[in-house]
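Note sheet for the following structure.
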Amino acid sequence: MEGRVPEPTFTLEGWHLLHDFRHLDFPAWLSAPKEEREAAWRDLQALLAEWAQVQAEGRGSFGVYQVITHKADLLFLNLRESLDALLQAEERLNKSLIAPYLSPAYGFYSVVELGSQTGPLDPEAPYIKPRLTPQVPKGGYVCFYPMNKRRQGQDNWYLLPAKERGELMKAHGETGRKYQGKVLQVISGAQGLDDWEWGVDLFSEDPIQFKKIVYEMRFDEVSARFGEFGPFYVGKYLTVEALARFLEVV
Amino acid sequence: MEGRVPEPTFTLEGWHLLHDFRHLDFPAWLSAPKEEREAAWRDLQALLAEWAQVQAEGRGSFGVYQVITHKADLLFLNLRESLDALLQAEERLNKSLIAPYLSPAYGFYSVVELGSQTGPLDPEAPYIKPRLTPQVPKGGYVCFYPMNKRRQGQDNWYLLPAKERGELMKAHGETGRKYQGKVLQVISGAQGLDDWEWGVDLFSEDPIQFKKIVYEMRFDEVSARFGEFGPFYVGKYLTVEALARFLEVV
Amino acid sequence: MEGRVPEPTFTLEGWHLLHDFRHLDFPAWLSAPKEEREAAWRDLQALLAEWAQVQAEGRGSFGVYQVITHKADLLFLNLRESLDALLQAEERLNKSLIAPYLSPAYGFYSVVELGSQTGPLDPEAPYIKPRLTPQVPKGGYVCFYPMNKRRQGQDNWYLLPAKERGELMKAHGETGRKYQGKVLQVISGAQGLDDWEWGVDLFSEDPIQFKKIVYEMRFDEVSARFGEFGPFYVGKYLTVEALARFLEVV
Amino acid sequence: MEGRVPEPTFTLEGWHLLHDFRHLDFPAWLSAPKEEREAAWRDLQALLAEWAQVQAEGRGSFGVYQVITHKADLLFLNLRESLDALLQAEERLNKSLIAPYLSPAYGFYSVVELGSQTGPLDPEAPYIKPRLTPQVPKGGYVCFYPMNKRRQGQDNWYLLPAKERGELMKAHGETGRKYQGKVLQVISGAQGLDDWEWGVDLFSEDPIQFKKIVYEMRFDEVSARFGEFGPFYVGKYLTVEALARFLEVV
Amino acid sequence: MEGRVPEPTFTLEGWHLLHDFRHLDFPAWLSAPKEEREAAWRDLQALLAEWAQVQAEGRGSFGVYQVITHKADLLFLNLRESLDALLQAEERLNKSLIAPYLSPAYGFYSVVELGSQTGPLDPEAPYIKPRLTPQVPKGGYVCFYPMNKRRQGQDNWYLLPAKERGELMKAHGETGRKYQGKVLQVISGAQGLDDWEWGVDLFSEDPIQFKKIVYEMRFDEVSARFGEFGPFYVGKYLTVEALARFLEVV
């Protein structure tokens, strides 16, 4: 490694993301007094209206999802301009009237990231800003998982020359492009922010596409040799009406 | 790896599966007021009747199992045509009257998968559809476990040429065929859907066969070199009558 | 691995085993009303009498142990002719009157196994049957631990030729024989049944022998290179009288 | 390794550090009787005043942070001259009137450390003492994570010659210097004290800098080959006023 | 490995050790009725008097410690002549009147061990017996951690020739000797008894010495290549008076 010069990835950072997965205590919630549930629902609606307002003003985006399996019941996904705004959103939910029925299941803090292995990105390029401030689709399904790049023996991502990293990522991008129109990907970096190096969000109208793209990508050398994957969470987008039905408050 | 072209597995997808393992709070359940238990049992019977109806209409299949060891007490296994239908089944159970006595033990979301390493499968072939929409046997025992294919140093499944993968899977299939008539296997893919890459269900009239087949298969190169196995759950099929006895509601 | 033919171990299976480790909620138990504790104790005595009856009829064996450290307080060890009989034993304990004070600590389901690397065992040989249906000693101490055989790089047990496996196991057996009369070993297989491939029970009048035999065996190549060990549980056999004293019901 | 002479790192030790992460039970706290909350707040203010006094007297430093994600809600960070003083601070918080609403989330005990690979540091050098007794910045954000140096096959930090370790650390230091004025680093050693070998605290006015520095440093050979990282916690500094607002006691 | 003859370590065994770490439920304890707390304290004093009596009669030793971080609040450390005596001590604490306020945090069962790689130790040598029956110092601090010797690829302790193991341990002993008078080490073996192969207790008047010795020893080849370390617990010795103050019963 004599004389090796580190070649870090060039990145641009966008919105801050909080994935806030919760369990719902169904029996306690369903047996709570009617007035209490109604008050909690009004409070939750107010909170969602605040978040919708933030979104309307271009200061963030959000989505609520019904999550499959015991790992969580609900996902509150928020994007904001700053960590302060995310802390506020998390605190607001923790202090809401439905909080006694929601317990933490999992969470992840990261920042939307565009990366380049071979040279700085132009922050003024027209396609950049929309990708740094992505909108949560208002329907369909989400698949979230955190991941690392492996640093093990011969398979050490961070010791590869930038050129080789660039080629591997390019091939990976080509696999991704096959799913254009079917799967929207949002990559966020969590180095220094959470326990995995990245978070990945996939959005699609068809959850089978999550299986297809993740499986196909695993044959790309960059995933096969270097990808280390955390837990996977899959959920279905809930409109306010669907959330009301889920909570049986209509 | 110069010029390597990824050779992903060809797959067909069938029904969506939810393995929903639960603990039963025996002391609380057994000491609940008689009317409450009777109401909960009527509600559970109604739920099972709905699931039986889905099954009768060819829109899915299901089974309930008594699970050995502290890892779980009951398994509610459901197959459906879509994630939406599974979410509904899970939500229905969470909102049922027995839910206060059932806590989550483990769960797994996957999709029935037929795979081929060397070329696309013909979805119209007559043997395909039944294998993509398998029926849960109405008796016997189940063994469920999730698994990955290893990606480590020289033992990296996803970097093998498709031809080599095909040969390894073929030899593995031959071991499986020795158990024909004794063990029914259902393989489901969970890439992008859950924390392991596959779920495996074995169904048999004799739980010793689970031990025999899993042990023998471990000597196949594909398992020995590439198999990484998660937790194993073993359960006994419960008819409605057996479930009633288990819950002491008869 | 060209042309490699898998050489699975030959096995005979005997009784089914359930290790059922429990925590006792001492404060709740000790402060329960006297009548409740007496009723619970009568119920537990009845349960133990049923198990003793099974044992007397040659349909199984059992033992109750006081376990050291926070990992568990009690071990209910049961051997039976079938999984059904084990499910029944587990259910009976879960529904007993002492169940509200017992919470699950750990459990393991396996089947007594005799294995041979080099050729089938003769199930009719006179020494076979007693070893497949071992009796729990009525005194002394137990050491239980689950284990795997390693499958890692050059240290892959399942890729070794049967002849080499046979030699390694033979050398291991010789270490074991040094402890004859001091330590009784019962090996059970859990492939396809639980999260580790085997369970090992050591029984001895002197717990120091557990340390001696496990330490000495670790220098055998088969353990040094291929052994992966799970948690270790050590307990002292409780007669009904000793259990009564432990529960303070005398 | 014939004739190898170990070349341990030379270190100087400074203040003892306790990272005490807590969950706040929001629903219980917010619904506690007003007088109880006021009393708890007065008690917490008294505790913080004691800690401020310690700080004013140069016997330590402290900070309170609001932490993002479910991993914790609050961090109480304390530096003191001795373990005794830290035990006292921890005990004081555990006995405070707000303790019933705070449950442990994570914790770490370490000692501020200056290290040199190639020769002893001069404890009398003027720049040493301030670095051994660092002040917690009164604002901004904190990022805390524990880490190890890898000891695996060819990548074994503790078997490297001191000279090579020195060169790797020097290159790493150069990356760190790029962030001078943007990120303050405090390194503490936890060998023999906690489950990881070091704790790292980064302080900054901008949390994006945590992502930038950690990501860039990962390309340094010392991190790429030898760094093993534990969980990351990120929080925002709370003044007494901000803490009062967070607790809704104003 | 053709013709390899295993060369196990020669060991002598002494007292049995139980490390019993507990959480104290501060809020519940501090708000318990005065009479209940006084009765619990009298009971705990009686228990400690029993243990002191055992110690006075040369049948064991003990210490109580206040532990730093959330990992535990108290450590009850006991040495006895037999497992039975340890089971009794554990049971006595579990049945004591303070037990409702103490919940298990961690525990470890092991046996004091003297080992030799190259030949049997003489149990009659005068320096042996005191080292097999060590006294807990009546003051200062304790550092406890469990550990394994690695068995991985080229770094497999149990496949090393005894002579090489002996040399590595000798060098390690020399590092230890530098701390003579500053740190007292007690090594206990847990093969066959608990989840790690050894337990290590360090006793010192200055907790910084724990950091110094563990850090320095990590550069010894035996630790660098073969040491795998579990969690570290650090505590301060509590006299009966200090324990009374900690429990606020004076």
Side-chain angles (χ1 to χ4, degrees), chain D residues 1-2 4-9 11 13-14 16 18-22 82-84 86-91 93-111 113 115 148-149 151-154 156-160 162 165 188-197, chain E residues 23-31 65-71 73 141 143 145 150 152-155 164 167-168 171-172 174-175 183 200 202 204 206-236 245-246 248:
Chain D
M1 299 278 162
E2 193 72 35
R4 175 184 171 275
V5 178
E7 302 176 306
T9 301
T11 61
E13 279 75 25
H16 296 240
L18 180 63
H19 287 80
D20 193 341
F21 293 93
R22 304 274 175 144
S82 67
L83 172 54
D84 282 26
L86 280 187
L87 281 165
Q88 211 172 23
E90 187 190 30
E91 184 183 334
L93 183 58
N94 281 331
K95 291 179 172 174
S96 72
L97 296 178
I98 202 173
Y101 306 98
L102 295 176
S103 59
Y106 187 62
F108 199 77
Y109 167 46
S110 53
V111 173
E113 172 184 312
N148 284 345
K149 284 287 195 288
R151 298 177 290 113
Q152 219 170 42
Q154 296 307 306
N156 194 318
W157 177 256
Y158 294 90
L159 293 180
L160 287 189
R165 296 200 316 265
S188 50
Q191 292 96 341
L193 305 179
D194 213 316
D195 303 357
W196 296 82
E197 297 173 344
Chain E
H23 296 291
L24 174 67
D25 183 339
F26 283 93
W29 171 252
L30 294 178
S31 64
Y65 295 86
Q66 180 181 353
V67 180
I68 190 79
T69 81
H70 69 301
K71 288 193 287 187
D73 296 304
Y141 303 85
C143 165
Y145 59 95
R150 188 172 285 177
Q152 220 170 39
Q154 297 306 307
D155 296 341
E164 197 174 334
E167 280 159 16
L168 289 167
H172 200 46
E174 278 160 26
T175 305
V183 178
V200 179
L202 308 177
S204 180
D206 173 11
I208 292 291
Q209 297 303 320
F210 300 146
K211 177 179 184 295
K212 290 281 193 191
I213 190 173
V214 171
Y215 198 2
E216 180 164 356
M217 283 188 157
R218 200 142 300 176
F219 290 91
D220 292 341
E221 191 178 335
V222 68
S223 290
R225 274 184 65 196
F226 298 104
E228 294 183 340
F229 301 95
F232 284 75
Y233 290 85
V234 170
K236 176 186 168 70
R245 278 193 301 274
F246 181 74
E248 305 208 338

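The sequence lines fix the lettering, A, B, ..., with proteins before strands; numbering per chain opens at 1. Just so it is clear, the structure is predicted and the values come from calculations on it, not from any experiment. What you see below is based on every heavy atom in this structure, not just the backbone, and it leaves out hydrogens, waters and symmetry mates.
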**Prompt:** What part of E:Asp73 gets closer than 4.5 Å to chain D, counting heavy atoms only: side chain, backbone, both or neither?
**Reply:** side chain
**Asked** Is a donor on one side and an acceptor on the other found under 3.5 Å between the side chain of E:Arg225 and the backbone of E:Gln154?
**Response** yes
**Prompt:** So E:Phe229 and E:Phe232, would you call those rings parallel, tilted or perpendicular, with 30° and 60° as cut-offs?
**Reply:** tilted
**chain E contact via D:Thr9 - side chain, backbone, both or neither, heavy atoms under 4.5 Å** = both
**Fill in**
Residues at least two apart in sequence or cross-chain that pass side chain to side chain donor-acceptor pair (under 3.5 Å) with D:Glu91, listed by chain then number, are D:Lys95, E:Gln66
**Request:** Against chain E, label D:Leu18 side chain, backbone, both or neither, depending on which of its atoms sit under 4.5 Å from a heavy atom there.
**Result:** side chain
**Request:** Applying salt bridge (charged side-chain N to carboxylate O under 4.0 Å, His left out), name anything that partners D:Asp194, two or more places apart in sequence or on another chain.
**Result:** E:Lys71
**Fill in**
So, the part of D:Glu113 with a heavy atom under 4.5 Å from chain E: the answer is side chain
**Message:** Side chains of E:Leu202 and E:Val214, heavy atoms from C-beta outward: is any pair under 4.5 Å?
**Reply:** yes
**Asked** Is the backbone N or O of E:Ser204 less than 3.5 Å from a side-chain atom of E:Gln209, with the two atoms forming a donor-acceptor pair by type?
**Response** no
**Fill in**
When the 4.5 angstrom heavy-atom criterion is applied to E:Asp155 and chain D, the contacting part is side chain
**Prompt:** Where on D:Asn156 is there a heavy atom nearer than 4.5 Å to chain E: the side chain, the backbone, both, or neither?
**Reply:** side chain
**Part of D:Thr11 within contact of chain E (heavy atom distance under 4.5 Å)** = both
**Request:** Side chain from CB out, backbone as N, CA, C, O: work out which of these in D:His16 comes under 4.5 Å of a heavy atom of chain E, or both, or neither.
**Result:** side chain
**Item:** Contact origin within D:Phe21 toward chain E - heavy atom pairs under 4.5 Å
**Value:** neither
**Item:** chain D contact via E:Ile68 - side chain, backbone, both or neither, heavy atoms under 4.5 Å
**Value:** both
**Prompt:** Considering only heavy atoms, which portion of E:Val67 lies under 4.5 Å from any heavy atom of chain D: side chain, backbone, both, or neither?
**Reply:** backbone
